[in-house]
Amino acid sequence: MTKRRSQHWFGGLGKDAFIHRSWMKNNGLPDDAFDGRPVIGICNTFSDFTPCHAHFRGLVEHIKAGVLEAGGLPLEFPVFSCGESNLRPTAMLFRNLASMDVEEAIRGNPMDGVVLMAGCDKTTPSLLMGAASCDLPTIVISGGPMLNGHFRGEEIGSGTDVWKFSEDVRAGLMSAQDFAGAESAMSRSPGHCMTMGTASTMASMVEALGMALPGNAAWPAVDARRNRLARLTGRRIVEMVEEDLRPSAVLGRDAFANAIRVNGAIGGSTNAVVHLLAIAGRVGTELTLDDWDRLGRDVPTILDLMPSGRFLMEDFCYAGGLPAVMKEIADLLRLDALTVTGKSVGENIADARNDNSEVIRPRDRALTAQGGIAVLRGNLAPDGAVIKPSAASPELMKHRGRAVVFEDIDDYKARVDHPALDIDETCVMVLKNCGPKGYPGMAEVGNMALPQKLLKKGVRDMVRISDARMSGTAFGTVVLHAAPEAAIGGPLALVSTGDMIEIDVEARRLHLDVTEAELARRRAAWAAPKPAMAGGYQSLYVERVLQADRGADLDFLVGCRGHAIPRESH
């Protein structure tokens, strides 16, 4: 039998093994805890600043119980927690930092396998990115969504209804008192957003990738079956160590193809694009924006869930969850792809059933015949931009309009509601300098709220273009991730108010109707914006971050560095 990785710390009679065992024994561990049984690291992203993870202290106990039942030794460790709702300037700025924390914690500690406790938007990709760069046996358990929100006799969804209610208040259609009441009614249990926002999308992505047990995406955080899934996850990681089943064996081209197609079927977040690109980069699997467009283009959106549809994650769970969706589109999937269960995708979903055809629609009643993420290109975004057709207005999918430009988020906030702003519903709102380097961190500000004077006219959607991201809970005809970004002199930086812009989603075209000579003149006069902060992590991030079409990872983090550390610590 090959010597376990943890035995390089705990095995033998030398001074170093004495030190490692002795200090660990102050937790009450008996001698036989170090007899060669698998040591399982449990990567816990609990934080009081991350409300999506409020229940993780309880959930981890079920994982530990499962590890113990299977004969392993569970050891919990904390890492940076990327809470979406509180972190400024944006949680995305810290996704890569958290991945560094995860990678070095895994590599530097005596563990044989890893359970990743994820939930809020950036925790799932950051944990998986870090673990993929180490390539120890790894499995993900998501924290699960909140229960459905309820307000004034209607179900309301986190994020999605925030954007709706906020615009209703600004339009004078909703009172401040009702707005405050909805605030308390929306988040009524632990868990992440119960719409198909980024958190639910990424929980679905890890299940579709094969990195989590079937059912991971949809069980509510407070459902006892989430705890049971955690216990089974703890058992399974011990078996994975015995099998030496690693991320590199699961996260191949087929896994990413499956995830892209599942994302189209569920109406998943545009944020999945940058996250899956970054994860693929860590494990060494080739994945591009063109793969997103090619693989997802003809996938129907069959999950009728906010923001694209009507229902919420609790309804999705009781309808059959992600296995039921995957079975509905089984002919589009690579069913032979290996998963952390040790079985194939096809085997995992063989017995899945759809118990509510209103929530998970048959393909002949799809919510959107062609869902997925559309990748647009043209002289305004030569390296690509993305749009989510299932959340957009059909009548705006082909549009020509006059640009109204905001130089950055502060300019937008200062002018958007000014009565003198020259704008109507046919215009195209353009926001610059909100990409990876420009914000920094590529914040979720791309779904710009519409000008108040247009809201009062009843306008609820316009074409919006930026190098930013938007929340997965958001909706509208919003073009995002324009690359190269404005802050490095991409074409977006050269747009002026009054320019005509054409968008044609079917033709995958995004065009700025300005001559090359005029663009050259503007480029000669352009000056890069000053960074928001000098020194510290932000300076490192701005210096080394890749563009959105490459996953916005830091350039020196791409790739798998393995888990070997031959040198001792004493």
Side-chain angles (χ1 to χ4, degrees), residues 84-86 88 146 148-188 193-197 305-312 387-388 390-397 399 401-431 434 443-466 468-480 497:
E84 189 67 32
S85 57
N86 286 318
R88 292 184 178 181
M146 291 184 280
N148 293 357
H150 287 271
F151 181 65
R152 299 280 194 267
E154 295 184 5
E155 290 192 336
I156 58 174
S158 47
T160 301
D161 280 309
V162 173
W163 317 128
K164 177 180 179 295
F165 292 158
S166 177
E167 296 206 335
D168 284 349
V169 170
R170 294 173 63 232
L173 300 176
M174 185 179 194
S175 70
Q177 183 178 1
D178 280 352
F179 191 60
E183 173 186 313
S184 299
M186 184 171 290
S187 304
R188 65 187 189 93
C193 292
M194 82 300 271
T195 52
M196 189 49 73
L305 194 75
M306 294 184 191
S308 297
R310 299 170 292 168
F311 297 100
L312 295 168
I387 187 172
K388 180 177 173 180
S390 65
S393 299
E395 67 275 12
L396 292 175
M397 299 286 271
H399 183 77
R402 175 174 58 88
V404 176
V405 175
F406 303 97
E407 292 297 323
D408 54 31
I409 192 62
D410 299 314
D411 181 36
Y412 162 77
K413 290 181 176 180
R415 294 197 296 123
V416 66
D417 286 334
H418 198 286
L421 182 68
D422 183 14
I423 191 169
D424 62 36
E425 58 269 32
T426 68
C427 292
V428 175
M429 297 174 69
V430 176
L431 177 61
C434 292
E444 292 183 340
V445 295
N447 57 313
M448 293 168 270
L450 306 189
Q452 189 174 40
K453 64 183 180 182
L454 297 185
L455 292 171
K456 289 182 176 179
K457 287 176 55 179
V459 179
R460 286 296 181 270
D461 195 13
M462 294 172 62
V463 176
R464 287 157 276 180
I465 300 172
S466 73
R469 297 178 300 114
M470 77 173 180
S471 168
T473 66
F475 51 87
T477 310
V478 185
V479 179
L480 304 152
T497 293

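Below, all heavy atoms of this structure are taken into account, side chains as well, without hydrogens, waters or symmetry copies.
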Shortest non-hydrogen contact from [X] toward [Y]:
{"X": "Phe165", "Y": "Ala182", "value": "CE1-CB, 3.7 Å"}
{"X": "Ala468", "Y": "Ala443", "value": "CB-O, 3.4 Å"}
{"X": "Phe151", "Y": "Gly181", "value": "CE1-C, 3.5 Å"}
{"X": "Ala420", "Y": "Lys453", "value": "C-NZ, 4.4 Å"}
{"X": "Gly159", "Y": "Met186", "value": "N-SD, 3.9 Å"}

I'd like to check [X] versus [Y] (side-chain heavy atoms, cut-off strictly below 4.5 Å). Are they in contact?
{"X": "Lys164", "Y": "Ile156", "answer": "no"}
{"X": "Met448", "Y": "Val416", "answer": "no"}
{"X": "Thr477", "Y": "His399", "answer": "no"}

Once rounded to the nearest 0.5 Å, what's the spacing between atom [atom1] of [X] and atom [atom2] of [Y]?
{"X": "Cys434", "Y": "Glu444", "atom1": "SG", "atom2": "CD", "value": "12.5 Å"}
{"X": "Leu421", "Y": "Thr497", "atom1": "CG", "atom2": "OG1", "value": "8.5 Å"}
{"X": "Glu395", "Y": "Ser393", "atom1": "CD", "atom2": "OG", "value": "4.5 Å"}
{"X": "Ser390", "Y": "Phe475", "atom1": "OG", "atom2": "CZ", "value": "12.5 Å"}
{"X": "Phe179", "Y": "Arg170", "atom1": "CZ", "atom2": "CZ", "value": "10.5 Å"}
{"X": "Leu450", "Y": "Arg464", "atom1": "CG", "atom2": "CZ", "value": "5.0 Å"}

Quiz prompt | CA sep, side-chain torsions, deciding dist, call: Leu480, Ser466, side-chain contact (heavy atoms from CB on, under 4.5 Å) | solution = CA-CA 5 Å; Leu480 304 152; Ser466 73; 4.2 Å; yes

Quiz prompt | CD (Glu154) with more than 12 external heavy atoms under 6.0 Å | solution =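 Check fails, neighbour count at 12 or below.
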
Quiz prompt | NE2 (His150) with more than 12 external heavy atoms under 6.0 Å | solution =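 Yes, NE2 of His150 has more than 12 neighbouring heavy atoms, counting only those of other groups under 6.0 Å.
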
Keeping [X] on the side-chain end and [Y] on the backbone end, is there a donor-acceptor pair under 3.5 Å?
{"X": "Arg188", "Y": "Asn148", "answer": "yes"}
{"X": "Asn447", "Y": "Met470", "answer": "no"}
{"X": "Ser471", "Y": "Thr473", "answer": "yes"}
{"X": "Thr195", "Y": "Pro307", "answer": "no"}
{"X": "Lys388", "Y": "Ser308", "answer": "no"}

Quiz prompt | Step-by-step side-chain contact (heavy atoms from CB on, under 4.5 Å) determination, Met146 to Leu312 | solution = CA-CA 10 Å; Met146 291 184 280; Leu312 295 168; over 6 Å; no

List, one per line, each side-chain donor-acceptor pair under 3.5 Å for residues 403-410, sequence neighbours excluded.
from   : atom 1 : to     : atom 2 : distance (Å)
Glu407 : OE2    : Lys432 : NZ     : 3.2
Asp408 : OD1    : Asp410 : N      : 3.1
Asp408 : OD1    : Asp411 : N      : 2.8

Quiz item: Pick one: which of Val478, Thr426, Leu454, Asp424 meets side chain to side chain contact (heavy atoms under 4.5 Å, CB included) with Met462?
Solution: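 In the set Val478, Thr426, Leu454, Asp424, the residue that makes a side chain to side chain contact (heavy atoms under 4.5 Å, CB included) with Met462 is Leu454.
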
Self-check item: Ionic contact status for Arg460 with Asp168, cut-off 4.0 Å
Solution: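 Yes, Asp168 and Arg460 are salt-bridged.
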
Quiz prompt | Trace of the side-chain contact (heavy atoms from CB on, under 4.5 Å) decision for Met429 with Ile423 | solution = CA-CA 9 Å; Met429 297 174 69; Ile423 191 169; 3.8 Å; yes

Self-check item: Working for side-chain contact (heavy atoms from CB on, under 4.5 Å), residues Tyr412 and Val445
Solution: CA-CA 10 Å; Tyr412 162 77; Val445 295; over 6 Å; no

